[in-house]
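Residue numbers start from 1 in every chain, and the chains themselves are labelled A, B, ... in the order their sequence lines are given, proteins ahead of strands.
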Amino acid sequence: MQLIRIIGLNLFLAALFLFLSLLFFSDYTLTKEIFQSKVKQEHQQRLLPAFENIIDKTYPNTFVFANEIKNSIEEHNSAARNQQQWDQVIYDDYVGTLTKASTQGIVVDYTLLLFLLIFGGGTLGALLFILPKIGIEVPGIKNNNIFHDALNNRGWIGILLGTLLISFYILLYFYDAYVTNWIILVEPLKKLINPNGDSSQWFLYGFLYTFAVIVMGIRMLIKYRHSNYQMVRTASVMFFQLAIAFLLPEILVRINQPYFDFKNMWPLDYDFFDAWHINMLTQSDGSVGLFMFVWGITLFVVGVPVFVYFFGKRWYCSWVCGCGGLAETAGDSFRQLSDKSLKAWKVERWLIHAVLIFAVVMTGAVLYNFITGTNSIFGIDTYTYLRKPYGFFVGAIFSGVVGTGFYPLMGNRVWCRFGCPLAAYLGFVQRFKSRFRITTNGGQCISCGNCSTYCEMGIDVRWYAQRGQNIVRSSCVGCGVCSSVCPRGVLNLEVKEEEDRFGKPILIGNNGISLQK
Amino acid sequence: MSNIVIIGNGIAGVTVARHIRKRSSDNITIISSETEYFFSRTALMYVYMGHMKFDNTKPYEDWFWKKNKIDLVYDHVNAVDTQNDTLLCRSGKKITYDTLILATGSQPNKFGWPGQDLEGVQGLYSYQDLQLMEQNSKGIKKAVIVGGGLIGIEMAEMLLSRNIEVTFLVREKEFWSNVLPVQEAKLISDYVRSHHIDLKLETELLSIEDNGEGKVKSIITSKNESIDCQLVGLTVGVSPSIGFLKDSGIKTNRGILVNEFLQTNIGNVYAIGDCVERTYELSGRRNIEQVWYTGRMMGEVVAQTICGSPTRYEPGPWFNSAKFFDIEYQTYGNVGAQLNANESEFYWEHSSKKKAMHFIWDTASQVFVGINSFGIRLRHEKFDQWLRGKQSISYVLEHLPEANFDPEFSHKHEPEITQAFEKQFPHSPSLSLK
Ligand SMILES: Cc1cc2nc3c(=O)[nH]c(=O)nc-3n(C[C@H](O)[C@H](O)[C@H](O)COP(=O)(O)OP(=O)(O)OC[C@H]3O[C@@H](n4cnc5c(N)ncnc54)[C@H](O)[C@@H]3O)c2cc1C
């Protein structure tokens, strides 16, 4: 059994290695035909001089090629700017399209084969590593050696993985042309779902994300096979990621409907109220787009308060949400790295509410502009000073680079805990108007600290449990792991009458003794 | 302002300090020679097994003590001079007190076996024992654990997590059958074996053999079997840690003797937690109770007394919990190893052999007296109410679903349990689950 696992691990690592090295595989030649077919008619004349010495030349890797293209366009643009010919400046992103079209070599010739080798081999390897656990270990909490492990305890593997993830996000968000080979790699899948579509960096991201959620979801299902709560919850995030977030929007596009993720919602989905988005939904053929627009609004106006009242914030954060889905599957191995200190809690409250305010102000301004047909509010240019910084700092850096890249360093819920404005909103409701709480069981707590250690949100659960007080915290995503790891059966996620849900801190014990707050 | 000094920073000492602080602004000092800060002894195993870091076992962050004006002294008290209200410390420091609270906990027992002081032989109680165990278990293949109690099984689980083979010597007929009724003891024994532990029942330790370099080489059992091993875990119970009180004038027997107010024979000296031996009876409770909860409750009680509202130590119905590998155990009320003559019992076991419940009640009055539960979590509050309210066994069975504390979506066994009960007791009135 152990041998099978080792083979699996090696297979997985080989697939990962192949995937990473793929970035260096192709060479690039921009032919005249490609140039003419990908560059707009009106731009061809302008760009041709700058492209003269690129065309028909073969480049050995994407970095040199993409830079050359970028520089050439930039050259043209700065010349235009210098001569104040503003209308001559080109804003189209040709770097990505031209790089993709100019790629040559085995990635293009054997795309499907490579796809199967990497993702088929990777899946097989991962499963060979994960599945034999069923035979080796009896069901139950198995956290042995987590803090001795270089992956789980910020050792060298953790740091390496963190570096990889951070680099990946930076490439994805800011240098997508460099990952062109990966984008080409997933093209066969894109064509399968949507024959008329073209794979892009966002399709690549969506696919990798879903892949991680599914494969690591299987790991989670096996790890917690003794707990129905954990299994149901994990199956739920796997379903929502695969069906609702990944496949459905692609299918919608295939049938000529707007791309729409039905489970995403404002303010996490911060471009929901962008003019282009509202227009896309409201001006699409038929009433589907309009329905989507109304659905999106209903979800956060009605859905959030109602569902949080009945089930707690968990209905979204650890059952439905994509960010939560990744955190609960791929991120499960890092939950113990969250900071439990009181100081971290203070930082959390400032930061997450600041982001919420930022999101509300930004959205307000964007909507105001949309309604009034203006570009600024109180003399401030909305796009430059609100919408763009939000997209960059919150959308890309916080939720992506830091939120996921830092999994192996700061735990799997950095974004959800410190940054997500939707989590802040859900949290408000959970804290002030909900039937949800984590109940502690009389006097049984032995203060061991497993609950706090494994709380991904950094809640010091033990602090409540050892004084016999219910846990009602806005940040709690209801993952239920505190209850799972408790060795004395002290913690339970419950929905009950709202009254008394905070509970008096009482420990069952000596007659006539009760704790004062 | 009065000086309150506490010896011992375990759950007992820390609880009393916190509760006094809530009610008064007296000076509070806690002395301990084990660790600088309070940690949870119950979590020692998780540190060894890599579930937690040692830092995670500290229930309060390090700034907590200063903020709450609780002085911590990291020193050992060698003697107590009750004439002059002074403590003599190892460092030479003298500390005076107005009120002294002894919360010194326990020490692992050793019964004078030949070889018990060899390198590689150890108990598991303190932080130092944990460090020793790290050292002693480095690179070894085989260990023997002597004594089938809760710490013994924890130690077995710890060693298994490092792939060390474990032989477990247990004096009783089944694992922990001096505490558990035979049905449960057997269930757990079987479960222990399924983890590839060599469980040797009705077997005691005779001697520990030297490898010639002062290290353990093997042990000899009461059945004259020799077992090679590189580590011997002695987990044959603990005794109150009271050696330093010898000439203090504080009365001790096995533990420090206290009255209902947890006061010793010296008026301004109290004792709480593991180190205490009660001089008065409490029904259903032993005179020395070495569990976490006792330390906590006694701490709460003495704090009230010291802060001016004298309170008796009157713990409610007994409760406890443990975990045997993956099987959780909870108990409420009194379930003895042997059924008392006046009692009846009902035992249910799930086909998985990982879940079981054992109910005990008074035959004549039908009053419920206690339950053992394995693999099913129960609500403390409910059982506390039912035990105090002297509910009948049928009431308890009918209301069992209310006391279920398992996570959502867990399989519910109450119908099966009540059906089994009705089958076994066909003459009792039929039950309807509430
Ligand atoms: C491995 C293990 C697991 C356990 N698991 C459980 C469990 O699951 N449930 C449960 O109910 N109980 C459990 N127990 C028992 C429980 O931990 C004890 O009952 C409890 O910790 C006792 O608390 P205490 O405050 O009385 O004493 P301690 O926690 O022993 O604290 C006493 C402190 O005083 C110090 N001290 C003693 N003498 C001196 C001196 N002269 N000068 C200075 N310092 C001194 C000691 O070094 C020690 O630090 C477990 C015990 C062990 C060892």
Quiz prompt | salt bridge (Lys or Arg N to Asp or Glu O under 4.0 Å) involving Arg488(A) - partner list, sequence neighbours excluded | solution = Glu154(B)
Quiz item: Excluding sequence neighbours, so at least two apart, what forms salt bridge (Lys or Arg N to Asp or Glu O under 4.0 Å) with Arg5(A)?
Solution: none
Once rounded to the nearest 0.5 Å, what's the spacing between atom [atom1] of [X] and atom [atom2] of [Y]?
X: Thr440(A); Y: Glu381(B); atom1: OG1; atom2: CD; value: 9.5 Å
X: Ile11(B); Y: Ile446(A); atom1: CD1; atom2: CD1; value: 10.5 Å
X: Cys448(A); Y: Lys323(B); atom1: SG; atom2: NZ; value: 9.5 Å
X: Ser321(B); Y: Asn441(A); atom1: OG; atom2: CG; value: 9.0 Å

Quiz prompt | Nearest heavy atoms of Gly443(A) and Phe319(B), plus distance in Å | solution = O-CE1, 3.5 Å
Practice problem: For residues Pro139(A) and Lys354(B), report the shortest heavy-atom separation together with the two atoms involved. | Solution: CD-NZ, 4.2 Å
Exercise. Mind ranking Lys340(A), Gln336(A), Arg314(A) by heavy-atom pairs under 4.5 Å with chain B and telling me who comes out on top?
Key: Arg314(A)
Quiz prompt | Heavy-atom pair count under 4.5 Å with chain B, highest-scoring of Gly140(A), Ser484(A), Ser341(A), Ser452(A) | solution = Ser341(A)
Less than 4.5 Å to any heavy atom of chain B: does that hold for the side chain of [X], its backbone, both, or neither?
X: Ser227(A); answer: neither
X: Val485(A); answer: neither
X: Glu494(A); answer: side chain
X: Asn450(A); answer: both
X: Ser483(A); answer: both

Can you tell me which portion of [X] sits under 4.5 Å from chain A's heavy atoms? Options are side chain, backbone, both or neither.
X: Thr15(B); result: neither
X: Phe38(B); result: neither
X: Val47(B); result: backbone
X: Tyr332(B); result: side chain
X: His195(B); result: side chain

Exercise. Step through the shown structure and confirm whether more than 12 heavy atoms of other residues, nucleotides or ligands are within 6.0 Å of NZ on Lys412(B).
Key: yes
Practice problem: Determine, stepwise, if the pair Thr453(A) / Tyr46(B) fulfils side chain to side chain contact (heavy atoms under 4.5 Å, CB included). | Solution: CA-CA 11 Å; Thr453(A) 305; Tyr46(B) 301 113; over 6 Å; no
Exercise. Name, in order of residue number, those residues of residues 156-164 of chain B that have a heavy atom at a distance of less than 4.5 Å from a heavy atom in chain A; otherwise write 'none'.
Key: Ser161(B), Arg162(B)
Practice problem: With chain A as the partner chain, list the residues of residues 49-58 of chain B whose heavy atoms fall under 4.5 Å from it, by residue number, and write 'none' if nothing qualifies. | Solution: Met49(B), Gly50(B), His51(B), Met52(B), Lys53(B), Asn56(B), Thr57(B), Lys58(B)
Quiz item: Could Arg462(A) and Glu61(B) be called an ion pair, given the rule that one side-chain N must be under 4.0 Å from one carboxylate O?
Solution: no
Taking the side chain as every heavy atom from C-beta outward, state whether [X] and [Y] have any pair of such atoms under 4.5 Å apart.
X: Leu342(A); Y: Trp63(B); answer: yes
X: Ser447(A); Y: Trp292(B); answer: yes
X: Phe405(B); Y: Gln444(A); answer: no

Would you mind telling me which of [options] has the largest number of heavy-atom pairs within less than 4.5 Å of chain A?
options: Arg379(B), Met297(B), Arg41(B); answer: Arg379(B)
options: Ser40(B), Pro59(B), Gly316(B); answer: Pro59(B)
options: Arg296(B), Glu328(B), Met45(B), Arg388(B); answer: Arg296(B)
options: Ile376(B), Thr294(B), Asn320(B); answer: Asn320(B)
options: Leu378(B), Thr311(B), Leu44(B); answer: Leu378(B)

Self-check item: Residues Tyr60(B), Asp460(A); criterion side chain to side chain contact (heavy atoms under 4.5 Å, CB included); working and verdict
Solution: CA-CA 10 Å; Tyr60(B) 303 94; Asp460(A) 190 358; over 6 Å; no
Practice problem: Evaluate side chain to side chain contact (heavy atoms under 4.5 Å, CB included) for Asp326(B) paired with His226(A), printing each intermediate quantity in order. | Solution: CA-CA 10 Å; Asp326(B) 297 304; His226(A) 60 288; over 6 Å; no
Quiz item: Is the Phe409(B) ring parallel, tilted or perpendicular to the Tyr229(A) ring (thresholds 30°, 60°)?
Solution: parallel
Exercise. Take Asn228(A) and Ser410(B) through the test side chain to side chain contact (heavy atoms under 4.5 Å, CB included) and record every step on the way to the result.
Key: CA-CA 6 Å; Asn228(A) 284 349; Ser410(B) 296; 5.5 Å; no
